2 protein chains.
Amino acid sequence: MRERIVGRLARGDQRLTSSREALVAVLAVSDRPLTIPEIGAADGGLAVSSIYRNLTMLEEVGVVHRVVTASGDFAHYELTEDLTEHHHHHLVCSGCGSVEDFEASSQLEDSVRDAARRIARRSGFRIDRHLIDLIGLCPNCA
Amino acid sequence: MRERIVGRLARGDQRLTSSREALVAVLAVSDRPLTIPEIGAADGGLAVSSIYRNLTMLEEVGVVHRVVTASGDFAHYELTEDLTEHHHHHLVCSGCGSVEDFEASSQLEDSVRDAARRIARRSGFRIDRHLIDLIGLCPNCA
DNA sequence: CAGAGGATGATAGTCATTCTCAAAACTCTG
DNA sequence: CAGAGTTTTGAGAATGACTATCATCCTCTG
Ligand SMILES: [Zn+2]
Ligand SMILES: [Zn+2]
Ligand SMILES: [Zn+2]
Ligand SMILES: [Zn+2]
């Protein structure tokens, strides 16, 4: 895993500094996508501007994925699926903005892939990934 | 349709002014969600602040739905599905941010509803709606 | 017509995110 | 280890989508 991260960084002429390793470690330990404030709190002494700069760069080289749910709210970050090798989707609370992971049934995944193939043929889009969000209110907000 | 819009506005103590009717008309004619600049261009002489204010209000009373794809990019607006009576999903270009509509197969819709039921039971979330985006590059950007 | 309540639009404010740049921390050679 | 060259960091300024403000304008009712 560390291996592959170093590899992807190298492909973009970037190094795995201790700040970046700390960011990745925080995300690796969480079972859900985290916001910048959450990451900052977990990591401790890393400047906000550095968190943003490094996460943006880590996204460009394919180590990290940015999850946007509502505008004007903090984005959430997680490791990319091909690093964790765990394809999943999101359960989003429209009250507090929190995000949790869930795994879809293989029937659901198959249906989405079918749809993607069909739509790609018809529309001329090149489809790279899909996104399935279930949106509602978490126990706290309900 | 105009009927139902007036009804929803009234429920929120709001009237259907000519500005609001113009906004709704622009959205009703489009086959895809539009950004604020697009709506402004289509409508002509309506102040940007009024477009924002009215769309926000129309969203609160359930006439309009705001579609957020990337942060720092314009949101897109469309009429709510229970006004158009046309449940659909989105094909999003990660290059230029454009959004198109597509209709999912009933098999896909069934699978999502199943997943929602199962996840709701397990997690305690109250799930209100689902979102399926296919993300890739449009013919222009590819 | 007067007056009250709401709608409009120009502009100022907010806030997540990005940019800037000087200082600090590496890296590499000798 | 020194010291030059390069990269990264951090504090604060800048950006830009969006929201709040408020004086003015409309639209009703009586
Ligand atoms: Zn919540
Ligand atoms: Zn999936
Ligand atoms: Zn495009
Ligand atoms: Zn659906």
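Within every chain, numbering begins at 1; the chains are lettered A, B, ... in the order of the sequence lines, protein sequences first and strands thereafter. Since the structure is predicted, the reported quantities are computational estimates derived from the model, not experimental observations.
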Check: A:His89 side chain, A:Ile132 main-chain N or O, donor-acceptor pair, under 3.5 Å
yes
Can you tell me if A:Arg20 uses its side chain to pair, donor with acceptor, with the backbone of A:Asn54 under 3.5 Å?
no
Side-chain N or O of B:Gln14 closer than 4.0 Å to phosphate OP1/OP2 of C:dA7
yes
To the nearest Å, give me how far apart CE (A:Met57) and P (D:dT7) are.
13 Å
Which word best sums up how the rings of A:His88 and A:His90 line up, parallel for under 30°, tilted for 30 to 60°, or perpendicular for over 60°?
perpendicular
Strictly distance-based, threshold 3.5 Å: is any side-chain N or O of B:Glu21 a donor or acceptor partner for the main-chain N or O of B:Leu16?
no
Is atom CZ of B:Arg118 surrounded by more than 12 heavy atoms (other residues, nucleotides or ligands) closer than 6.0 Å?
yes
CG of A:Leu58 versus P of D:dT8: gap in Å, rounded?
11 Å
Look at the side-chain N and O atoms of A:Ser19 and state whether any lies under 4.0 Å from the OP1 or OP2 oxygen of D:dT9.
yes
When every nucleotide of nucleotides 12-30 of chain D is labelled 5' to 3' by its protein contacts under 4.0 Å (heavy atoms), B for base, S for sugar-phosphate only, - for none, what sequence of letters results?
B----SSBB----------
I'd like to know if the side chain of B:Arg8 and the backbone of B:Gly62 have a donor-acceptor N/O pair within less than 3.5 Å.
yes
Rounded to the nearest Å, what distance is computed from the CG atom of residue A:Leu46 to the P atom of nucleotide C:dA25?
14 Å
Counting side-chain heavy atoms from C-beta on, which of C:dA7, C:dG9, D:dG10 comes nearest to B:Thr17?
C:dA7
d(CG, A:Leu16; C1', C:dT27) in whole Å
16 Å
Please check the phosphate of C:dT8 (OP1 and OP2 only) for any side-chain N or O of B:Asn54 closer than 4.0 Å.
yes
Using whole Å, report how far CZ of B:Arg20 lies from P of C:dG9.
12 Å
Can you measure B:Glu21 atom CD to C:dA7 atom P for me and round it to whole angstrom units?
15 Å
